> 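Got a structure for you, questions after.
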Amino acid sequence: MSQAPSVFEQFESNVRSYSRSFPAIFQRARGSVIYDTSGKEYLDFFSGAGTLNYGHNEERMKRRLISYLESDGIIHALDASTTAKQEFLTRFRDVVLQPRGLDYKVQFCGPTGTNAVEAALKLARKVTKRTGVFAFSGGYHGMSLGSMSVTSGRSVRASAGVPTAHTTFIPYPVGPRGNFDSLSYLRNLLEDSHSGVDVPAAMILETVQMDGGIYIASAEWLKELRTLCDQHGILLICDDIQAGCGRTGRFFSFERAGIQPDLVTLSKSISGYGLPMALLLMRRDLDQWKPGEHTGTFRGLQLSFIAATEALGYWQEPAFEKSIKNKEQLLRGVFGDALPGLEGELDLRGIGMAFGIDMIKAGGYERARRIQQRAFQHGLIMEQCGREDTVLKVMPPLTTTEEQLMKGCEILIDSIRHA
Ligand code: PMP
């Protein structure tokens, strides 16, 4: 008897991708729940790699999108001015920038996060007339040649021959090898005229390394880094593509340190509906592009503006931020209670609604993979992250109910116990 083709054989013309972590065919989704073609329900603790902070098919966004389509709203307008863009910019200024004392100009970059990183790197070089960039070990900034040249994974880079001649990688202050005094190291590089390293155009960092394994730089460290950049005229780029839009408990991940980066990249959850959108925020005086210096065809998907404007409605309610804090406490409490009773030395790191359970000293990648697979079978979607994918990444939509959070944590803890 011939066997039915596996899920992947049915899609054999699709190049290999990480969907292999999830052997199912998904059909629909709502809020924090995804359904496959057999009707099986899965709790989503992955949030489309951070694109779905407000959940799948959020009701108000969906309604606005449908009514926009029904009114023949313009879909593609390149870089032209439109009502949808104007509404987004106005709300972004009123709800996000002004209340935080920020005065950035907004550049719409191509559809995906990488495009915003490319724009940031190019602009920093153009404005400072320097070429070097300091980046941090464990950081992830994208897959194009430029963004990957500041992404630290050696093997993925080498396999594509990505040039890194202009990048200096600095150890992040926290990582799998413990703590590192990166500020002294940086001071040495910048202040010793014989260090052999030129003053760079920019430093690019994630204040919380997300794909890198949920490593959290302290507020004090971030403040000192800001000062160091000021002292040397280095532009500080905060890549908030994954940690932004509320993931760490505030709209921007750098708010907890009270610092203002010179450039900020945003993507993933900025449109709020899983639609492509990428922004570069820049200090006003840095807007020095000349016409044609940085363009692209898909810089203005109007549907993204419509959804994004609606998404920002969440930030008009102080209760929303408070609810993320409450859920952070809940996750910390549940994991804090359960993990010490489980086999191995499980390291918990977390902020806002981004948690990582590191299995590096408790079975490593293999065990993390078994847990991830078992959790999937029991209805929980979750990814692995970190240098060697040893970290179980807990990243549910911010709108996940407390009941759903408890249920997902139960599946996860049970999977750790049995794998
Ligand atoms: N920066 C960070 C911090 C990211 O997490 C990602 C995506 N994982 C990117 C940049 C690249 O974004 P994209 O995949 O949308 O190009």
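Just so we're clear, the structure is a prediction, and the values are computed from it rather than from any experiment. Start at 1 and go down the list; that is how both ligands and their atoms are numbered. Sequential numbering from 1 along the given sequence is applied to the chain's residues.
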> Is the Phe298 ring parallel, tilted or perpendicular to the His76 ring (thresholds 30°, 60°)?
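Perpendicular, since the angle between the ring planes exceeds 60°.
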> Report yes or no: does Thr265 contribute a side-chain atom to a donor-acceptor pair with the main-chain N or O of Leu280 at less than 3.5 Å?
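Looks like no, no N/O pair under 3.5 Å.
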> Could you list which atoms of ligand 1 come closer than 4.0 Å to a heavy atom of Glu206?
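The list of qualifying atoms is 3 (C).
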> Can you list the atoms of ligand 1 that are under 4.0 Å from a heavy atom of Gly113?
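Those qualifying, in numeric order: 12 (O), 13 (P), 15 (O), 16 (O).
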> Look at ligand 1 and say whether Lys268 reaches it with a heavy atom at a distance under 4.0 Å.
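The answer is yes: ligand 1 sits under 4.0 Å from a heavy atom of Lys268.
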> Has Ser218 got a side-chain atom pairing as donor or acceptor with Trp221's backbone, closer than 3.5 angstrom?
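Pair found, side chain donor or acceptor close to backbone of Trp221.
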> Closest non-hydrogen protein atom to atom 15 (O) of ligand 1, residue and atom name please, with distance?
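Result for atom 15 (O) of ligand 1: Thr112 OG1, 2.5 Å.
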> Please determine which of Val150, Ile170, Leu236 meets the side chain to side chain contact (heavy atoms under 4.5 Å, CB included) test together with Leu205.
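By the side chain to side chain contact (heavy atoms under 4.5 Å, CB included) criterion, Leu205 pairs with just one of Val150, Ile170, Leu236: Leu236.
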> Counting non-hydrogen protein atoms only, what is the nearest one to atom 2 (C) of ligand 1? Give residue, atom name and distance.
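Going atom by atom, the protein heavy atom closest to atom 2 (C) of ligand 1 ends up being Tyr140 O, 3.3 Å.
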> Under a 3.5 Å cutoff, is there a donor and acceptor pairing between the side chains of Glu58 and Tyr314?
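There is such a pair (donor and acceptor under 3.5 Å, judged by atom type) between the side chains of Glu58 and Tyr314.
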> Evaluate Asp239 for polar contact with ligand 1, using N/O atom pairs at a separation under 3.5 Å.
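Among all N and O atoms of Asp239, at least one is under 3.5 Å from an N or O of ligand 1.
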> For atom 16 (O) of ligand 1, grab the closest protein heavy atom and report residue, atom and distance to one decimal in Å.
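That would be Thr114 OG1, 2.5 Å.
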> Closer than 4.0 angstrom, basic N to acidic O: yes or no for Arg100 and Glu321?
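Yes, charged N to carboxylate O under 4.0 Å.
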> Using a heavy-atom cut-off of under 4.0 Å, does the side chain or the backbone of Asp211 touch ligand 1, or both, or neither?
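For Asp211, the contact with ligand 1 is made by the side chain alone.
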> Take the angle between the ring planes of Trp315 and Phe320 and call it parallel below 30°, perpendicular above 60°, tilted in between.
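Because their plane-to-plane angle is over 60°, the rings of Trp315 and Phe320 count as perpendicular.
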> Specify the protein heavy atom at minimum distance from atom 5 (O) of ligand 1: its residue, its atom name, and the distance to 0.1 Å.
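Scanning the protein heavy atoms, the shortest distance from atom 5 (O) of ligand 1 goes to Gln242 NE2, 2.7 Å.
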